[in-house]
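Quick one: this structure, given as structure tokens, is what I'll be asking you about.
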Amino acid sequence: MNFRQFFDKYFNSHSESREKHWDEKLQTRYYKANKSQTVDAVAAMFKKEKQYEVTSIQKERGEIGATIRGGKKAFVVVTIIEVRPYKTAVDFSVTSSTVLPFDFGSSHKKITRLYDQLDKTLTFIGTGLSNG
């Protein structure tokens, strides 16, 4: 991790996963499921945790919005794309609501925790698979 990456991780209130992220933990994750199954699994994961409140589910677009109540408040957007039949890509975007303009890496950690929880319910295939 270079200085810019360190600054981006700890002195920012927004983090998101993407295909070619410098942190392997925040690279797009792929699961062996169709889009509908993945949307249902993510929605069930949020409903299972009391701190999350699902604000919108758009199955056709593959997008779920949720807020985190209690503790460090944040807004989470999950984007689910079906790449091939039974291969979906999942990306998280977390924006923390803090008094300060940064969250000391909280949004970064939330994404890794969400991916860990999702790994328990869906069959994980890999990360950053569109690279090659």
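No hydrogens, no waters, no symmetry mates; every other heavy atom, side chains included, goes into these values.
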| query | If only atom types and distance count, is the side chain of Gln37 paired as donor or acceptor with the main-chain N or O of Asn34 below 3.5 Å? | reply | yes

| task | Would you please say whether a donor-acceptor pair under 3.5 Å links the side chains of His14 and Glu16? | result | yes

| note | Going by chain and number, the hydrophobic cluster around Ile81 (ILVMFWY, side chain to side chain under 4.5 Å) further includes none

| Rounded distance [0.5 Å steps], OG in Ser13 versus NZ in Lys72 | 12.0 Å

| request: With rounding to the nearest 0.5 Å, note down the distance linking NZ in Lys73 to OG in Ser106. | output: 12.5 Å

| request: Of all the heavy-atom pairs spanning Glu82 and Lys35, show the shortest one and how long it is. | output: OE1-N, 3.1 Å

| query | Hey, what do you get for OG1 (Thr28) to NE2 (His21), rounding to the nearest 0.5 Å? | reply | 9.5 Å

| Non-hydrogen atoms of Ser15 and His108 that approach each other most closely | OG-N, 3.5 Å

| What pairs meet the ring-ring contact (aromatic ring centres under 6.0 Å, His included) rule with one or both residues in residues 59-82, with sequence neighbours excluded? | none

| task | For Thr55 and Thr67, test the side chains for any donor-to-acceptor distance below 3.5 angstrom and give the result as yes or no. | result | no

| field | Residues Lys59 and Asp40 bridged, charged N to O under 4.0 Å | value | yes

| field | ILVMFWY cluster, Tyr30 and Phe124 together (side-chain gap under 4.5 Å) | value | no

| Do you reckon Met45 sits in the same ILVMFWY cluster as Val76, going by side-chain contacts under 4.5 Å, direct or chained? | yes

| Are the side chains of Asp119 and Arg29 in touch, meaning some heavy atoms are under 4.5 Å apart? | yes

| query | Mind checking whether Leu26 and Trp22 sit in one hydrophobic cluster, side chains of I, L, V, M, F, W, Y counted as touching below 4.5 Å? | reply | no

| message | Has Gln27 got a side-chain atom pairing as donor or acceptor with Lys20's backbone, closer than 3.5 angstrom? | response | no

| What are the two closest heavy atoms between Ile125 and Tyr86, and how far apart are they? | CD1-O, 4.3 Å

| query | Looking at Tyr52, does the NZ or CZ of Arg69 lie under 6.0 angstrom from its six-membered ring centre and within 45 degrees of the ring axis? | reply | no

| query | Is the shortest heavy-atom distance from the side chain of Leu114 to the side chain of Phe46 under 4.5 Å? | reply | yes

| query | Which atom pair, heavy atoms only, marks the closest approach of Ile64 to Ala43? | reply | CD1-N, 4.0 Å

| message | Go through it in stages, so that I can follow the logic: the residues are Thr38 and Thr88, the test is side-chain hydrogen bond (donor to acceptor under 3.5 Å, both in side chains), and I'd like the CA-CA distance, side-chain angles, deciding distance and then a yes or no. | response | CA-CA 7 Å; Thr38 308; Thr88 55; 3.0 Å; yes

| remark: Correct closest heavy-atom pair for Val54 and Ile57 would be CG1-CG1, 3.5 Å

| task | Examine Lys110 relative to Phe92 and say whether NZ or CZ is less than 6.0 Å from the centre of the six-membered ring and inside a 45° cone about the ring axis. | result | no

| note | Looking only at heavy atoms, the pair that brings Ile111 and Ser17 closest together is CD1-N, 4.1 Å

| field | CD1-OG distance between Ile68 and Ser97, expressed to the nearest 0.5 angstrom | value | 11.0 Å

| said: With a 3.5 Å distance limit and no angle check, can you tell me whether Tyr115 reaches the backbone of Val90 through a side-chain donor-acceptor pair? | reply: yes

| task | Working to the nearest 0.5 Å, report the span between OG1 of Thr79 and CG of Asp91. | result | 6.0 Å

